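Keep in mind that what you see is a predicted model, and the values were worked out from it rather than measured. As a basis for the values below, the full set of heavy atoms in this structure was taken, side chains included, without hydrogen atoms, waters or symmetry mates. Order of the sequence lines sets the chain letters (A, B, ...), proteins ahead of strands, with each chain counted from 1.
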Number of protein chains: 2
Amino acid sequence: MTLGLTLDTSASQQISSATLEIIEPNDPAPGVEGPHRLIAGDNLAALDALREQAVAVHLVYLDPPFYTQRVHHRTKRKRNQRTGRLERSQAPAFDDRWPSLASYLAELHKRISRLRELLTPDGCAIIHVDPTTSHYVKVMCDQVFGPECFASEIVWRYRRWPAKTKNFQRVHDVLLRYQRDPKQTPRFEQLYEPLAPSTRATWGDTKQLADFDSDGRRIRSTRTSEPSPGTPLGDVWEIGVIAPVAKERTGYPTQKPEALVKRVVQACSHPGDLVLDPYLGSGTTMVVAAAEKRRAIGIDCSSEAIEVTCKRLQDRGVPFQHERVVPEPA
Amino acid sequence: MTLGLTLDTSASQQISSATLEIIEPNDPAPGVEGPHRLIAGDNLAALDALREQAVAVHLVYLDPPFYTQRVHHRTKRKRNQRTGRLERSQAPAFDDRWPSLASYLAELHKRISRLRELLTPDGCAIIHVDPTTSHYVKVMCDQVFGPECFASEIVWRYRRWPAKTKNFQRVHDVLLRYQRDPKQTPRFEQLYEPLAPSTRATWGDTKQLADFDSDGRRIRSTRTSEPSPGTPLGDVWEIGVIAPVAKERTGYPTQKPEALVKRVVQACSHPGDLVLDPYLGSGTTMVVAAAEKRRAIGIDCSSEAIEVTCKRLQDRGVPFQHERVVPEPA
DNA sequence: GCAGTTAATGAATCGCATG
DNA sequence: CCATGCGATTCATTAACTG
């Protein structure tokens, strides 16, 4: 028995020779290495072009389609001038239908193989999936990175309306984190979360100190007066989904909360670093990277995605360079 | 590329012909179908023997070794009579070292294939793993049950002493739930968890009701006066690990909290049902099943496990039948 | 201004109607 | 009869409004 399925990855190695054409240039701020780049077009070709440009990224966050076998739509709202009523229109944003799980994984494999090569040795990639595909994606990623490069399975726990089902409500997504080189000290900024209520009740808000007797045996810990920053952040994150009426909501489907991406960016990169998102969607990664003083490259083939992101970056006053993938004739 | 690894499962089909010998019989309580059964010996042979007996179980919970590549020890505490000091001794409990991940999965595959056949059509199996092996185990289980039988990835989130690492703290385990037959209405008892604070603040403790106007358009929801039981239980469970000094602690390694197993038992079985645990360990499943008025079968090959469980059941006044696997000469 | 109240609505799943 | 689609369900959350 082979585990599950066989992927044809022979095509994974063929490098395309597309180039990136600058539609609207933008000069980086003084002292910064380059501008934010928004790239419209196929991410596979774009990644090859970035390799040609010897781009080195510190963090990749990718939120690929989840193998839902559905087309996802963008919702636009408009107030009807005559009636004064809010009206909604729908436009297809991306197509998540696949012939098979194997074909889905094969396409993802190509992208992840290339992403890996763009990473700095201390960089990492974070792949956002859901618990119906996460296991297959993890096994596939172990092949790309090596199992020893697997760093974390992060669980994003959210709250939402209940579904009518004789099963436990599905209320989590999964983020797989891989390091490029496990021998390097990873680029990692320690974040903290609040102490558990039981800990605060017993120990207050100051650090505990483990104590040992003369035989090296553990004895009762002592309270210190040094304030505790909280407990080091775990791999289960409770962050709300974007509320239906929140200002943050763009109408782009599958939009992820800024709070989630912000945590990824803060923990896995430093200010000035380069962050890449090859499935940009509504542009959350670029918005967050800019706010956190990182430099961002975002890629998406959906014109709806590019439109939403452009608008969002402009609204925030984030300057960026707009580019386009140009396939090279063979 | 094949995904990860190839398992030799040809041996999985060979059914052994072991029998179960009753060491100490026990009559079931009146009106109950049979006694709790504690079976010492290899679980593979025991499962074959249970099949011979046409045993049908409603729920399987299994907590197999996690592929830690270590031997795990039981800690015994004793007060030294002369010095009055607490002294700890260690005895090997189980060996979790494997030649390869493939061999680990192959052994688990054999057990899970047999477990599946013992399940009632509306029954389910819950496999407790950790996030370093869960993905491979899920892919393997998809082969045994069929991917459409996968019901839930349950995340057990616990709190513990932080480790010093340049990574997110690992604070979760994974429980994979599979149904025997997805066309059957699953045996599932709806449990609830408290409403989110924001919901209570806005809506109070009563149910909301969606409203629609005459055109079928959504209008504002109304408050009802019917009290809400809470929100249907999700697939992320926050349950504390057993504290190092808790009464519940037996000294057996990898012991799981009763609260965790209780939730599994309450949600996935009814009173009077038969619950099976082929990696019994400290006996938590039998203790919880008995307390929840379910009937239990526990199997373990470790004499330390059997000893701990016997003591624990006796301390709780739970009567049980003690049996032993007797390999049949070929 | 601030706090408390009210309004608006996403989207998972089941069950039933429809083709 | 099987596939498809739509209606019903109902927490969770923030924005807007009100006193």
Side-chain angles (χ1 to χ4, degrees), chain A residues 65-80 84-90 92-94 96-97 130-133 156-173 237-260 281-282 284 308, chain B residues 122 148 150-154 177 179 182-186 188 190-236:
Chain A
F66 282 5
Y67 191 67
T68 56
Q69 299 290 22
R70 280 173 22 206
V71 178
H72 294 257
H73 296 266
R74 173 182 170 199
T75 306
K76 290 184 196 180
R77 272 160 220 247
K78 234 182 186 172
R79 195 167 291 277
N80 185 308
R85 258 182 144 158
L86 259 184
E87 287 181 349
R88 291 180 301 174
S89 64
Q90 299 249 309
F94 66 93
D96 187 18
R97 293 173 301 180
D130 83 1
T132 62
T133 51
W156 171 33
R157 192 255 207 264
Y158 46 83
R159 292 173 188 276
R160 57 159 174 77
W161 66 97
K164 203 176 181 179
T165 175
K166 281 182 103 55
N167 193 4
F168 303 106
Q169 303 285 326
R170 220 173 62 56
V171 290
H172 78 277
D173 280 8
W237 299 354
E238 192 154 345
I239 294 175
V241 288
I242 305 168
V245 293
K247 272 200 188 132
E248 188 183 334
R249 193 173 273 268
T250 60
Y252 195 86
T254 73
Q255 186 186 350
K256 299 301 178 292
E258 290 183 24
L260 177 75
S282 59
T284 307
V308 168
Chain B
D122 63 351
E148 68 284 1
F150 178 64
S152 290
E153 174 178 84
I154 298 160
R177 188 166 90 91
Q179 293 171 229
K183 285 172 191 155
Q184 295 272 329
T185 304
F188 187 78
Q190 184 64 64
L191 303 181
Y192 296 89
E193 53 186 315
L195 296 175
S198 72
T199 304
R200 293 192 55 195
T202 314
W203 295 92
D205 290 316
T206 55
K207 287 186 180 181
Q208 302 169 37
L209 189 67
D211 279 331
F212 300 85
D213 69 12
S214 51
D215 300 347
R217 213 186 300 255
R218 177 81 177 274
I219 56 171
R220 77 166 183 287
S221 303
T222 48
R223 267 170 215 256
T224 68
S225 58
E226 198 185 340
S228 166
T231 190
L233 185 62
D235 58 7
V236 179

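In this structure, A/N167 contributes its side chain and B/A151 its backbone to a donor-acceptor pair below 3.5 Å. Judged by distance alone, with hydrogens and angles left aside, the side-chain atoms of A/R170 form a donor-acceptor pair with the main-chain N or O of A/H172 at under 3.5 Å. Side chain of A/R249 to main chain of A/I242: a donor-acceptor pair is present (N/O by atom type, distance under 3.5 Å, no hydrogens or angles). Looking at A/E248, its side chain does come within 3.5 Å of a backbone N or O of A/E258 through a donor-acceptor pair.
Here C/dG10 presents its P atom at 15 Å from CZ of A/R74, a figure rounded to the nearest Å. C/dA8 atom C1' lies 12 Å from atom CZ of A/R249, rounded to whole Å. Atom-to-atom, CD of B/E148 to C1' of C/dT13 comes out at 18 Å; the value is rounded to the nearest Å. Across the protein-nucleic acid pair, A/K76 atom NZ and C/dT9 atom P stand 19 Å apart, rounded to whole Å. Atom-to-atom, CD1 of A/I242 to P of D/dA15 comes out at 12 Å; the value is rounded to the nearest Å. For B/K183 and C/dC14, the NZ to C1' distance is 18 Å, given to the nearest whole Å. Distance, B/Q208 CD to C/dG10 C1': 13 Å, rounded to whole Å. Nucleotide D/dA12 holds its P atom 19 Å from the CD atom of A/E248, rounded to whole Å.
The residue among B/S228 and A/A246 whose nearest nucleotide of DNA chain D is located toward the 5' end is B/S228. Both A/T75 and A/Q169 lie near DNA chain C, and the one whose nearest nucleotide falls closer to the 5' end is A/T75.
The two residues B/T231 and B/P194 have their closest heavy-atom pair at CG2-O, 3.9 Å. Taking all atoms of both residues into account, the shortest heavy-atom contact from A/R159 to A/V241 is O-CG2, 3.6 Å. Minimum heavy-atom separation, A/S282 to A/V308: O-CG1, 3.8 Å. In plain terms, the two heavy atoms of A/P253 and A/F94 that are nearest each other are CG-CE2, 3.9 Å. Closest heavy-atom contact between B/T199 and B/Q208: CG2-NE2, 3.9 Å.
Contact between the side-chain N/O atoms of B/T202 and the OP1/OP2 oxygens of D/dT14 is not found at any separation under 4.0 Å. One finds a side-chain N or O of A/T165 lying less than 4.0 angstrom from the OP1 or OP2 phosphate oxygen of C/dC14.
In this structure, the side-chain hydrogen bond (donor to acceptor under 3.5 Å, both in side chains) partners of B/D205, at least two apart in sequence or on a different chain, are B/R200. Qualifying side-chain hydrogen bond (donor to acceptor under 3.5 Å, both in side chains) partners for A/T250, counting only residues two or more places apart in sequence or in other chains: A/Q255. Taking A/P92 as the reference, A/V71, A/H73 meet the side chain to side chain contact (heavy atoms under 4.5 Å, CB included) condition, with sequence neighbours excluded. Evaluation of the side-chain hydrogen bond (donor to acceptor under 3.5 Å, both in side chains) rule for A/T132 yields A/D130 as partners, not counting sequence neighbours. A search for side chain to side chain contact (heavy atoms under 4.5 Å, CB included) contacts involving A/T68 returns A/F66, A/R70, A/H72, A/D96, not counting sequence neighbours. Partners of A/K166 according to the side chain to side chain contact (heavy atoms under 4.5 Å, CB included) rule, which considers only residues two or more places apart in sequence or in another chain, are B/T185, B/P186, B/F188.
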For Watson-Crick and G-U wobble pairs within 3.5 Å on both distances, what is DNA chain C written in dot-bracket notation, | included for inter-strand pairing?
.|||||||||.||||||||

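For the salt bridge (Lys or Arg N to Asp or Glu O under 4.0 Å) condition, the pairs that include at least one residue of residues 226-235 of chain B, sequence neighbours left out, are B/K207-B/E226.
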Just the atom pairs and distances: protein N or O near nucleotides 16-19 of chain D's N or O, under 3.5 Å.
none

Going 5' to 3' through nucleotides 1-7 of chain D, assign each nucleotide B (protein heavy atom under 4.0 Å from a base atom), S (under 4.0 Å only from sugar-phosphate atoms) or - (no protein heavy atom that close).
-------

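Using a 4.0 Å cut-off on heavy atoms, the residues of residues 156-164 of chain A that approach DNA chain D are A/R159, A/R160, A/W161, A/P162, listed by number. Taken residue by residue, residues 194-201 of chain B places heavy atoms nearer than 4.0 Å to DNA chain D at B/L195, B/A196, B/S198, B/T199.
Residues A/P257 and A/Y158 form no side-chain contact, since every pair of their non-hydrogen atoms from C-beta on lies 4.5 Å or further apart.
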